[in-house]
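Only one structure is covered here, and it is reproduced in the block below.
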Amino acid sequence: MRAIIYARVSTEEQQRKGYSIDAQIEACRAYAKAKGWDVILEFKEAKSGKSADNREQLQRALTFLEEGGADILLVWRLDRLTRSIIDFQKILERVGPRISSVVEGLDMSTSAGRFVANILVAFAQYERESIGERTKLGLERAKKKGKHIGRQPKYPDEIAVKVRRLARRGFSRREIAEKLGISDSAIRSILYYRKS
């Protein structure tokens, strides 16, 4: 059987969970070898994306499989393929049950395999959405406590105070820029966008 491998990871996940694209590929190769499958191509997705439609390498792998270039698509874990029930159904419509995963050891050609796969994808979607909700709550809590969210200002508070004081005294942005030796765009940012 001819297999293709698809691996995906985001930098954040690599650091948090300690698995990389190379580790996924290595595990998939070993699994394919144990099954007696020939790996003919590997697709590596270094960018993360919520929608399967936005992942170029996944789309290439699915097209390759659709066109008969391989018999099966192998992933390290099913959530590397997708974390969306809707995307998973679209993928199945395109390539059918020709998907296998190392960690879950799924046989998608059986109704039991498809059932388990749907449960795993639903759980992955729940996990992704829960992370988003927790992040949103954490940011809201931090804002209420007065913590700065986002990039740190380019210029210290003392400069912002001087810029505002000079502006209140009637100096133009160009005059303030010349006096303090900073750019007009920085002054505009301090006067119109910076809160502190």
Side-chain angles (χ1 to χ4, degrees), residues 1-139 150:
M1 187 177 289
R2 299 166 303 151
I4 56 173
I5 294 172
Y6 174 74
R8 175 180 71 91
V9 73
S10 67
T11 305
E12 181 184 325
E13 282 179 314
Q14 268 183 316
Q15 291 171 352
R16 192 176 75 239
K17 294 187 178 178
Y19 57 81
S20 65
I21 287 178
D22 292 336
Q24 290 177 50
I25 294 284
E26 189 177 316
C28 287
R29 285 179 188 155
Y31 185 85
K33 185 176 182 180
K35 290 273 194 182
W37 300 344
D38 294 322
V39 175
I40 56 173
L41 207 50
E42 297 168 355
F43 296 88
K44 300 176 183 182
E45 197 94 60
K47 293 181 186 175
S48 188
K50 286 185 180 179
S51 171
D53 295 338
N54 297 335
R55 288 195 236 121
E56 182 184 329
Q57 293 303 309
L58 175 58
Q59 293 307 314
R60 288 182 63 219
L62 294 173
T63 300
F64 190 81
L65 194 60
E66 279 177 307
E67 293 177 355
D71 302 307
I72 196 150
L73 172 64
L74 180 59
V75 292
W76 175 63
R77 210 168 77 184
L78 203 55
D79 70 356
R80 299 299 78 214
L81 190 61
T82 184
R83 289 184 176 197
S84 161
I85 296 167
I86 293 170
D87 283 348
F88 187 59
Q89 293 307 316
K90 287 180 187 176
I91 290 168
L92 287 180
E93 285 172 16
R94 281 183 69 181
V95 300
R98 299 182 295 162
I99 300 167
S100 186
S101 68
V102 174
V103 173
E104 295 91 0
L106 289 174
D107 179 1
M108 296 284 293
S109 65
T110 66
S111 58
R114 289 189 297 279
F115 174 73
V116 170
N118 277 299
I119 290 172
L120 291 170
V121 170
F123 181 74
Q125 180 173 324
Y126 164 76
E127 182 182 32
R128 184 188 74 200
E129 290 171 359
S130 294
I131 290 168
E133 289 170 359
R134 288 192 305 269
T135 301
K136 184 179 176 186
L137 286 172
L139 289 172

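Every heavy atom of this structure was used, including side-chain atoms; hydrogens, water molecules and symmetry mates were not.
Residues L74 and V39 have side chains not in contact (no heavy-atom distance under 4.5 Å, counting atoms from C-beta outward). Put simply, the side chain of V95 does not reach to within 4.5 Å of the side chain of L73, judged on heavy atoms. Side-chain contact between R2 and L41 is absent, with no heavy-atom pair separated by less than 4.5 Å. Using a 4.5 Å heavy-atom threshold, the side chains of W37 and D71 count as separate. Contact of the I99 side chain with the L92 side chain is registered, since non-hydrogen atoms from C-beta on lie closer than 4.5 Å. Considering only heavy atoms from C-beta on, V9 comes within 4.5 Å of Q24 through its side chain.
Residues A3 and A70 come closest through the heavy atom pair C-CB, 4.5 Å. Taking every heavy atom of both residues into account, Y31 and G105 meet most closely at OH-CA, 3.8 Å. Closest non-hydrogen pair, I40 versus G69, comes out as CD1-O, 2.9 Å. Closest approach of I21 and R8 over heavy atoms only: CG1-C, 4.4 Å.
The CZ atom of F43 sits 11.5 Å away from atom CD of Q59, with the distance rounded to the nearest 0.5 Å. With rounding to the nearest 0.5 Å, the separation of CD in E129 from OG in S84 is 8.5 Å. The CD1 atom of I4 lies 11.0 Å from the SG atom of C28; values are rounded to the nearest 0.5 Å. For the atom pair CD1 (I91) and CD1 (I86), the distance works out to 12.0 Å, reported to the nearest 0.5 Å.
Surrounding CD1 of I119 are more than 12 heavy atoms belonging to other residues, nucleotides or ligands, all under 6.0 Å away. Atom CZ of R60 is surrounded by 12 or fewer heavy atoms from other residues, nucleotides or ligands within 6.0 Å. Within 6.0 Å of CD on Q89 lie more than 12 heavy atoms contributed by other residues, nucleotides or ligands.
Within the structure, every pair that satisfies the salt bridge (charged side-chain N to carboxylate O under 4.0 Å, His left out) test and touches residues 89-103, not counting sequence neighbours, is listed here: D53-K90, E66-R94.
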Stepwise, does the side-chain contact (heavy atoms from CB on, under 4.5 Å) test hold for I72 with M1?
CA-CA 8 Å; I72 196 150; M1 187 177 289; 3.9 Å; yes
| message | Between E26 and R29, is the side-chain contact (heavy atoms from CB on, under 4.5 Å) condition met? List the steps. | response | CA-CA 5 Å; E26 189 177 316; R29 285 179 188 155; 5.6 Å; no
* To do: Would you sort out whether Y6 and E45 count as a side-chain hydrogen bond (donor to acceptor under 3.5 Å, both in side chains), showing the intermediate values?
  => CA-CA 8 Å; Y6 174 74; E45 197 94 60; 3.0 Å; yes
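Between the side chain of E42 and the main chain of I25, no donor-acceptor pair closer than 3.5 Å is present.
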